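One structure is given here, and the rest of the page talks about it.
Here is the naming used below: chain letters follow the sequence lines, and residue numbers restart at 1 for every chain. Please read all numbers here as calculations on a predicted model, not as lab measurements.
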Amino acid sequence: MTRPDLTTHIGPLTLKNPVMTASGTFGYGLEFAPLLDLHALGAVVVKGLTLAPRRGNPPPRVVETASGLLNAIGLENPGVESFLKEILPQLEKYAVPVIVNISGNTLDEYALLAARLNDTAVSAVEVNISCPNVKQGGLVFGTVPEQAAEVVAAVRANTSLPVIVKLSPNVTDIVGIARSVAAAGADALSLINTLLGMAIDIKRRRPVLGNVFGGLSGPAVKPVAIRMVWQVSQAVDIPVIGMGGIVSTEDALEFIMAGATAVAVGTGNFINPQATVEIIKGLEEYCIKENIAKIDDLVGIAWKDGQNGK
Amino acid sequence: MTRPDLTTHIGPLTLKNPVMTASGTFGYGLEFAPLLDLHALGAVVVKGLTLAPRRGNPPPRVVETASGLLNAIGLENPGVESFLKEILPQLEKYAVPVIVNISGNTLDEYALLAARLNDTAVSAVEVNISCPNVKQGGLVFGTVPEQAAEVVAAVRANTSLPVIVKLSPNVTDIVGIARSVAAAGADALSLINTLLGMAIDIKRRRPVLGNVFGGLSGPAVKPVAIRMVWQVSQAVDIPVIGMGGIVSTEDALEFIMAGATAVAVGTGNFINPQATVEIIKGLEEYCIKENIAKIDDLVGIAWKDGQNGK
Amino acid sequence: MQRQYVEIKNLKQLTGRYYLLTLAAPLVARSVKPGQFVQLKVSAQLDPLLRRPFSIHDWCDAQGNVEILFQVRGKGTRLLADRKQGDYLDMLGPLGNGFSIPRAPGKALLIGGGIGAAPLWGLAKSLHARNWQVTVLLGGAGEQFLVRPEEFSRWGRTIITTDDGSRGISGRVTEALPLVAAQEFDQIYACGPKPMLAAIYDWARITGLPLQVSLDEVMACGMGVCLGCAHPVRKGKETVYAKVCSQGPVFDAREVVWHDQA
Amino acid sequence: MQRQYVEIKNLKQLTGRYYLLTLAAPLVARSVKPGQFVQLKVSAQLDPLLRRPFSIHDWCDAQGNVEILFQVRGKGTRLLADRKQGDYLDMLGPLGNGFSIPRAPGKALLIGGGIGAAPLWGLAKSLHARNWQVTVLLGGAGEQFLVRPEEFSRWGRTIITTDDGSRGISGRVTEALPLVAAQEFDQIYACGPKPMLAAIYDWARITGLPLQVSLDEVMACGMGVCLGCAHPVRKGKETVYAKVCSQGPVFDAREVVWHDQA
Ligand SMILES: Cc1cc2nc3c(=O)[nH]c(=O)nc-3n(C[C@H](O)[C@H](O)[C@H](O)COP(=O)(O)OP(=O)(O)OC[C@H]3O[C@@H](n4cnc5c(N)ncnc54)[C@H](O)[C@@H]3O)c2cc1C
Ligand SMILES: Cc1cc2nc3c(=O)[nH]c(=O)nc-3n(C[C@H](O)[C@H](O)[C@H](O)COP(=O)(O)OP(=O)(O)OC[C@H]3O[C@@H](n4cnc5c(N)ncnc54)[C@H](O)[C@@H]3O)c2cc1C
Ligand SMILES: Cc1cc2nc3c(=O)[nH]c(=O)nc-3n(C[C@H](O)[C@H](O)[C@H](O)COP(=O)(O)O)c2cc1C
Ligand SMILES: Cc1cc2nc3c(=O)[nH]c(=O)nc-3n(C[C@H](O)[C@H](O)[C@H](O)COP(=O)(O)O)c2cc1C
Ligand code: FES
Ligand code: FES
């Protein structure tokens, strides 16, 4: 059999394969250069950027849970200017699409970030809407369909880059958010971001994390992520990038069959820093073994075949 | 040191210790009689009952996930009449408080169930509001504060038993639901029920579960459960029964320190059917070692001590 | 039913994927019935989370031993295969109902497909001890998937089939059915993949002979409380769900709903 | 930095809770610096999920070996202690910056508390090889928490303290500081619990002598990408977070913010 076609389309963006990195778990990519060929990846999504530098939350910032990880990094990052000046030029050399994850606390911040990334070497923006809206008493943008849509519209109006919107799973109705965001002009959706969780240190009788709350990621959350990808991919017409607990080729296939056009490896990079490239190889081998010409043919096959699920 | 006082109050109900069983994971208790002394438990919460018998969902009904379990039993149960006639009389002999978990698809069903359990040997009702409201297009009662409150009011009006309300974690704002339910007359809250999830069988390229979706439980969900117990116990004045992934004494202590007045072991019973009694012993030993006279002194200590968390 | 920590007295690899595990469990050895099973905790960690069900393959009351014959299938059985003599395992059992053996001795046909033959060993031994005449049909995908092919003849005539023809008759175990005449037997027992059981039932029902099948459903608790192991069975005119763990795993094949999963 | 599967050449229990693990890792043995560490995957399952960081205790370029000295603390180290010779471990490393040794030989004081002395062994060896005169203060809660107390004197004068007085001077390792005069040394190195490090810094700062400390923060990635291992450090007038894994674990004690966690 000829080599299977792993090409993937995320809106106007074409990736050579569907495997990307999840924001905040792959640094700026450069750190992985000694361990893998960055050029082999579908795309590199970098750590979330904000307009100004952020120092992040007080430690402890991470704690392991059963098959999961709680993190409260607090969006530590050098700010968009420093990224563009010092990091992006190095990353450009690897000729891999770079997607920048952006976070803000006001609509203006999102708009300014989007505008600033326009006309750079960046391939797309991923809008993290799991941030508190300081003008609305800290309510998280991504939990209210109208506010989520406003963020997306603000970004859309300020960039010609493909706009990927990253959804928060901490909502009653993920489909409602997804529809609202799609209608506001998103080119694609990423899901899921982390589940809000916490842990208590029974020795200190206090929360483990300096920030009290943290985001739960890793294999523990995969069933929730698969469910949301299944629901959302059937409800919207734009591609879904699936993530949440992917550590193996089998996990990636589950997401693809549930409806994800592409997948991202997050916490999995900490367990196996070569997980991304191993999964790309695994997907290729799977397609050969199962006689699948295009990986696209597998997208959503679990609901496309047979009767529609609930 | 004298024996620590493990007595726990769930509204008007006094339990000899804070360890109960989670509905649906302990059958009707009788099955465990060969393995442990039922009388030693704080309370037995039985499998969810409905008015009429229910045959449940098509198999497969369970699938293991990373440190978790997805189930889609579909509330299979013999119906309330059969329970009262055939099971309760046997259970009564063990002199352990029996709490009956009830589910309905309409307000009437909840009201009738509550009325039927009044004046029986049952010690309390636990209202499972994670059920679809058939009159509202299948929207889950427990995800809309007003509908959740209506269910509780209907139950409250029809029983003189203590009313425990079991919250669904699949919501944007657990505190809003908790407040609404407390205002409607709940004596206590149970949380969390399962997280909505699913899994794909990549060999069959179809969802694993006969019902497509299932509820995620077990250690994987503990960080989400602890977070919700922490939030809710600070927001309401009624006791919280914490559950979600408890398998050890340390887990139970985490919940208690996060604000749970009592705890329930669910999936943990499948891993170690003697988990409940081992945890009771473990809590007693912990109190002795740490010189704690009353287990109540530990409830919410993680937010009572030090400055309030977020 | 007991929960106890039992010592691994021996663990040996039989074929590429089959292992024989000998556990010191006198209480279980004394009371067990063929076809019953145990739930083993294969790891102290939280992944894999659940116990794994395994049929009791053999037992020896005198030595206080219980044997499990298992196939490495996924991560749980892999971990089990990596255990060492002297390790302890958390075991719950015996569970389930087991095969029933009619009081009056007669002729029994035992049909096992792949690892499904594991519980038939203890059954054959029990039948033999009660003066039954035993015939065994033992099938497998290939030679390495046959359960103790050399030794089964200890209990009676043994016919072997392999899908790939690497040993015995080439083909599925059901293709060997014409070699035996159903009406010769007083009782048929079968354990293996569901399509195999269904095919055997189709063959046996013609003669009206009693067929007991041991079903394999994914289990969580193993003791009848989670309702996770449901399999549809007929109850009068109705179809209801039976708990394979506590109402089975052995069922009268006539009660089982074979071709409908709902 | 490499990721590779390395064979366990030897694993032996030193004291009640300390184990010495010898790994076949020639590439790391060739390039490692004292104070660097590796991330080991202790289990193939998903719980425990993350790798565990361990300092490189010793190495031998000729034999291609790397040694880890570890304490059983929780489930991950328990699993590691249960591994057997011949098993393979997934190892990432070497990671971090390691201790820096000034070019001109002089006098070094090494202070280790409990398992914190593990990386000081390789440091002492390196210093010794570069003609430094080494003095070691080795402390532990009790005798069984001392890292190779008999052998450390191979590298220089070794003073031992135990909190419970079961060996050497009774008391904390910091209480032995008056036995040595700070100004005698050209360089001080310390590794152990944070309060110990802070106390040593308070003592050393008076003399203005350079103190290098190896910090221990909970880690996820170990390679500078998750920002999970933040520790506050001074950068000019500002307090910023440093990544203990990639900017450390060894820091100049003057840069570290000792008494403020925010
Ligand atoms: C009553 C009963 C008795 C059994 N007796 C034996 C026995 O004597 N010897 C033996 O080797 N096995 C027996 N099994 C099957 C055994 O329990 C499974 O092979 C085992 O649980 C697989 O665990 P794992 O972690 O290795 O596989 P997993 O990693 O959990 O799964 C690996 C693959 O095996 C499949 N699988 C998992 N569980 C089962 C199952 N119960 N049946 C079929 N496929 C499954 C999964 O879908 C997956 O594709 C029995 C099962 C039951 C219900
Ligand atoms: C750079 C670095 C080098 C290290 N070098 C060594 C070494 O050479 N030898 C050695 O034995 N250990 C070393 N450690 C500590 C070692 O990584 C932990 O003991 C180990 O990760 C614990 O894993 P566990 O699964 O056994 O414990 P867990 O089950 O994860 O936790 C058990 C208990 O230990 C505590 N704990 C977990 N991780 C740490 C940690 N990093 N520091 C302190 N307490 C912790 C937990 O809070 C918990 O109370 C080092 C740590 C770092 C960051
Ligand atoms: C340490 C850490 C940092 C993260 N930082 C970000 C971030 O900056 N922006 C963002 O949108 N998501 C962030 N995430 C979420 C991940 O991108 C991903 O959505 C989530 O972890 C689920 O995937 P996983 O289970 O594969 O990790 C972070 C996750 C982790 C574990
Ligand atoms: C197999 C199974 C059946 C359950 N059935 C019910 C039920 O009938 N009613 C209910 O309110 N909760 C039910 N639950 C939810 C549990 O009571 C509990 O809230 C949840 O599993 C989280 O706790 P755990 O992680 O300890 O299992 C069920 C859970 C499982 C695993
Ligand atoms: S496995 Fe739980 S009822 Fe059968
Ligand atoms: S552990 Fe990830 S940055 Fe240090």
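A salt bridge does not link D:Arg51 with A:Glu64: none of the charged nitrogens is closer than 4.0 Å to a carboxylate oxygen.
Only the side chain of A:Leu35 comes within less than 4.5 Å of a heavy atom in chain D; its backbone stays farther off. D:Gln2 touches chain A through its backbone: at least one of N, CA, C or O sits under 4.5 Å from a heavy atom, while the side chain does not.
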Exercise for the section: Determine, stepwise, if the pair A:Val62 / D:Met219 fulfils side chain to side chain contact (heavy atoms under 4.5 Å, CB included). Expected result: CA-CA 7 Å; A:Val62 287; D:Met219 294 185 174; over 6 Å; no
Practice task
Just do the side chain to side chain contact (heavy atoms under 4.5 Å, CB included) check on A:Phe270 and D:Met223 with the steps written out, would you?
Solution key: CA-CA 9 Å; A:Phe270 306 156; D:Met223 49 183 280; over 6 Å; no
Practice task
Apply the test side chain to side chain contact (heavy atoms under 4.5 Å, CB included) to residues D:Leu50 and A:Leu69: give CA-CA distance (whole Å), side-chain angles for both, the deciding distance (0.1 Å), then the verdict.
Solution key: CA-CA 8 Å; D:Leu50 299 172; A:Leu69 173 69; 3.8 Å; yes
Handout entry: side chain to side chain contact (heavy atoms under 4.5 Å, CB included) between D:Val225 and A:Asn269, intermediate numbers included
Key = CA-CA 10 Å; D:Val225 298; A:Asn269 293 310; over 6 Å; no
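Side-chain contact between D:Val218 and A:Val63: absent, with no pair of heavy atoms (C-beta onward) separated by less than 4.5 Å. Side-chain contact between A:Thr25 and D:Cys226: absent, with no pair of heavy atoms (C-beta onward) separated by less than 4.5 Å.
Note that the CG atom of A:Asn77 and the CG atom of D:Leu227 stand 9.0 Å from one another [nearest 0.5 Å]. To the nearest 0.5 Å, atom CD of residue D:Glu217 and atom CZ of residue A:Arg61 are 9.5 Å apart. A distance of 9.0 Å separates CG of A:Asn272 from CG of D:Leu92, quoted to the nearest 0.5 Å.
Ranked by heavy-atom pairs shorter than 4.5 Å toward chain D, the options A:Thr65, A:Ile271, A:Val247, A:Asn71 are led by A:Ile271. Heavy-atom pairs under 4.5 Å with chain A peak, among D:Pro48, D:Cys229, D:Ser246, at D:Pro48.
The number of heavy atoms from other shown groups lying within 6.0 Å of NZ (A:Lys281) does not exceed 12.
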